[in-house]
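Both backbone and side-chain heavy atoms feed into the values below; hydrogens, waters and symmetry mates do not. We number each residue from 1, following the sequence as shown. Just so it is clear, the model here is predicted, and its values are computed rather than measured. Counting convention: from 1, in listed order, for ligands and their atoms alike.
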Amino acid sequence: MRILITGAQGQLGRAVVLEALRRGHEAIGVDVNDFDLTDSDAAGACLAAARPAFVIHCAAYTAVDQAESEPERAFAVNADGTRHVAEYCGAAGIGMIYISTDYVFDGSGAAPHETDEPPAPLSVYGKTKLEGERAALLACPNGIIVRTSWVFGPGGKHFVGTMLRLGREREAVRVVDDQVGSPTYAPDLARLLIDMAERPVPGIYHAANTGYCSWAEFAAEIMARAGLPCRVEPISSADYPQAARRPLNSRLSPLRLMAAGYDRLPTWQDALGRYLYGTK
Ligand SMILES: NC(=O)c1ccc[n+]([C@@H]2O[C@H](COP(=O)([O-])OP(=O)(O)OC[C@H]3O[C@@H](n4cnc5c(N)ncnc54)[C@H](OP(=O)(O)O)[C@@H]3O)[C@@H](O)[C@H]2O)c1
């Protein structure tokens with residue numbers, strides 16, 4: 001199948017391109033150098049020229065804190081840009097997947113969020129991603145929304161890389177312990193996304209590696225698995241001020257994923273081990 005992947009230079013997009021190729025699909029990876037999503041004419045023309053049979057839309061404005069001070073740009077990329085992609089897919093009658101986020105929830109309670117739970121984003125980034133979901137489903141009603149969380153993978157700038165660097169430089173790191181969610185390994189999510197492209201069941205899904213932890217627990221596991229003697233000191237979100245508010249409860253329920261017959265992702269500990277030791 002001819003699959004077009006936006007955001008192909010990003011950490012998830014590149015994993016999706018690799019997985020599509022591995023399975024013998026024709027993967028067309030595009031990024032901001034090919035066309036800017038916010039330009040509807042350029043987006044429409046590029047998609048029409050590529051003639052994909054399916055689109056996996058990974059491109060996004062992902063600078064969560066910066067979005068608080070440039071909301072227009074974040075809305076333009078995440079909401080308008082997604083609408084441009086979805087309008088093409090809807091009109092061409094092809095399927096698409098839009099990648100969304102745990103940040104569409106306000107993070108109240110401690111139960112895993114189900115897909116039909118009302119979203120209530122706390123940040124500009126979360127609001128723009130939610131608008132992207134709505135735009136995608138409006139223009140492409142047979143589309144698929146996949147909300148994920150805490151992504152890490154080869155070539156990306158992410159928490160695991162930061163912890164490995166700090167772990168080598170310092171004796172101790174202070175890490176937030178009151179935000180709980182699931183780390184997600186980009187190649188594991190990529191496998192699911194290609195499964196979905198091959199057998200699309202429209203709707204909203206939650207997909208992250210299995211199991212929940214706090215950022216501090218994740219950091220402690222990274223240090224231990226990498227053999228770094230760095231101490232992890234748990235702190236609260238209040239002690240680590242950031243421009244954008246994050247949900248305290250980012251647990252995503254896999255029930256809808258399982259009900260549609262898709263495989264759950266492996267545990268986050270298993271994924272971390274494969275990332276650290278270079279096996280897929
Ligand atoms: N990372 C996470 O923890 C996380 C968690 C939940 C959900 N998600 C979602 O997962 C998806 C993939 O995230 P990621 O971590 O792979 O992000 P990423 O590494 O930042 O990749 C996003 C890609 O989109 C490109 N892009 C940005 N603006 C664009 C525009 N106007 N036109 C075309 N391309 C543009 C970026 O190019 P530049 O780098 O040149 O800007 C980048 O290559 C996104 O939808 C994100 O919202 C991510």
Side-chain angles (χ1 to χ4, degrees), residues 4-19 29-47 55-67 70 72-86 96-105 107 113 119 121 123-133 135-136 144-162 179 181-190 192-193 204-209 215 218 244 246-247 250-252 265 268 271:
L4 184 137
I5 297 114
T6 68
Q9 300 294 325
Q11 63 175 343
L12 179 59
R14 85 179 58 190
V16 176
V17 169
L18 286 175
E19 180 63 17
V30 295
D31 213 288
V32 69
N33 298 329
D34 301 293
F35 68 92
D36 188 322
L37 283 166
T38 61
D39 179 339
S40 71
D41 292 342
C46 178
L47 289 162
V55 173
I56 303 181
H57 177 38
C58 300
Y61 178 109
T62 55
V64 174
D65 291 308
Q66 202 176 316
E70 49 177 22
E72 295 83 7
R73 180 72 192 156
F75 266 100
V77 178
N78 293 347
D80 297 339
T82 299
R83 181 163 44 79
H84 300 152
V85 173
M96 77 172 275
I97 300 174
Y98 167 68
I99 315 300
S100 190
T101 168
D102 53 316
Y103 286 12
V104 299
F105 293 114
H113 298 290
S123 61
V124 167
Y125 169 76
K127 288 181 184 138
T128 64
K129 293 294 294 181
L130 180 59
E131 282 308 310
E133 289 188 9
I144 295 177
I145 308 289
V146 176
R147 297 184 184 134
T148 190
S149 57
W150 302 13
V151 178
F152 67 101
K157 190 170 171 293
H158 47 69
F159 183 81
V160 182
T162 304
Q179 293 171 27
S182 304
T184 301
Y185 185 39
D188 286 346
L189 182 57
L192 171 69
L193 297 175
I204 300 180
Y205 297 91
H206 290 169
N209 278 115
W215 285 113
F218 189 26
R246 271 85 169 154
S250 274
R251 297 173 184 88
L252 296 176
L265 276 58
W268 65 263

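Set against the non-hydrogen atoms of Trp150, the atoms of ligand 1 under 4.0 Å away are 3 (O), 5 (C).
Counting heavy atoms closer than 4.0 Å to ligand 1, residue Thr62 contributes side-chain atoms (C-beta onward) but none from N, CA, C or O. With a 4.0 Å cut-off on non-hydrogen atoms, Tyr125 touches ligand 1 through its side chain and not its backbone. With a 4.0 Å heavy-atom cut-off, ligand 1 is reached by the backbone of Phe35 but not by any atom from C-beta on. Heavy atoms of Lys129 found under 4.0 angstrom from ligand 1 belong exclusively to the side chain. Contact annotation for Arg73 and ligand 1: only side-chain heavy atoms (C-beta onward) come within less than 4.0 Å of the ligand. Contact annotation for Ser100 and ligand 1: only backbone heavy atoms (N, CA, C, O) come within less than 4.0 Å of the ligand.
At under 3.5 Å, not a single nitrogen or oxygen of Val77, backbone or side chain, sits near a nitrogen or oxygen of ligand 1. The shortest N/O to N/O separation between Thr38 and ligand 1 does not fall below 3.5 Å. When only interatomic distances are considered, the shortest N/O to N/O separation between Leu12 and ligand 1 falls below 3.5 Å. Remark: ligand 1 and Ala60 share an N or O pair separated by less than 3.5 Å (distance only, no angle test).
Side-chain atoms of His57 do not come within 3.5 Å of backbone N or O of Thr6 as any donor-acceptor pair.
The distance from the OG atom of Ser182 to the CZ atom of Arg251 is 9.0 Å, given to the nearest 0.5 Å. To the nearest 0.5 Å, atoms OH (Tyr98) and CD1 (Ile56) are separated by 15.0 Å. In this structure, Thr184 OG1 and His158 NE2 are separated by 12.5 Å, a value rounded to the nearest 0.5 Å.
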Exercise for review: Apply side-chain hydrogen bond (donor to acceptor under 3.5 Å, both in side chains) to Asp102 and Ser149, showing your working.
Suggested key: CA-CA 6 Å; Asp102 53 316; Ser149 57; 4.9 Å; no
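Considering Phe159, Trp215, Tyr185 in turn, Trp215 is the only one that fulfils the side chain to side chain contact (heavy atoms under 4.5 Å, CB included) rule with Trp150. In summary, of the residues considered (Phe105, Tyr103, Tyr205), a side chain to side chain contact (heavy atoms under 4.5 Å, CB included) with Arg147 occurs for Phe105 alone.
The shortest heavy-atom contact between Ala60 and Val77 is C-CG1, 3.9 Å. Among all heavy-atom pairs drawn from Ala208 and Thr148, the shortest one is CA-OG1, 4.3 Å.
In terms of the side chain to side chain donor-acceptor pair (under 3.5 Å) criterion, Asp31 has no residue partners (sequence neighbours excluded). Partners of Glu70 by side-chain contact (heavy atoms from CB on, under 4.5 Å), not counting sequence neighbours, listed by chain and number: Tyr61, Gln66, Arg73.
Summary of contacts: the protein heavy atom closest to atom 35 (C) of ligand 1 is Val32 CB, 3.9 Å. The protein heavy atom nearest to atom 4 (C) of ligand 1 is Val151 CG2, 3.6 Å. Summary of contacts: the protein heavy atom closest to atom 11 (C) of ligand 1 is Cys58 O, 3.4 Å. Among protein heavy atoms, atom 10 (O) of ligand 1 sits closest to Ile99 CG2, 3.3 Å. Ranking protein heavy atoms by distance to atom 6 (C) of ligand 1, first place goes to Thr148 O, 3.3 Å. Scanning the protein for heavy atoms near atom 37 (O) of ligand 1, the closest one is Asp31 OD1, 3.2 Å. In terms of protein heavy-atom proximity, atom 1 (N) of ligand 1 is closest to Gln11 NE2, 3.4 Å. Residue, atom and distance of the protein heavy atom nearest to atom 23 (C) of ligand 1 are Gly7 CA, 3.8 Å.
Using a 4.5 Å heavy-atom threshold, the side chains of Val55 and Ile5 count as separate.
There is no protein heavy atom less than 4.0 angstrom from atom 41 (O) of ligand 1. In this structure, atom 47 (O) of ligand 1 has protein heavy atoms in its sub-4.0 angstrom surroundings.
Under the 4.0 Å criterion applied to side-chain N and carboxylate O atoms, Arg83 and Glu131 are not assigned as salt-bridge partners.
Not a single heavy atom of Gly156 lies less than 4.0 angstrom from ligand 1.
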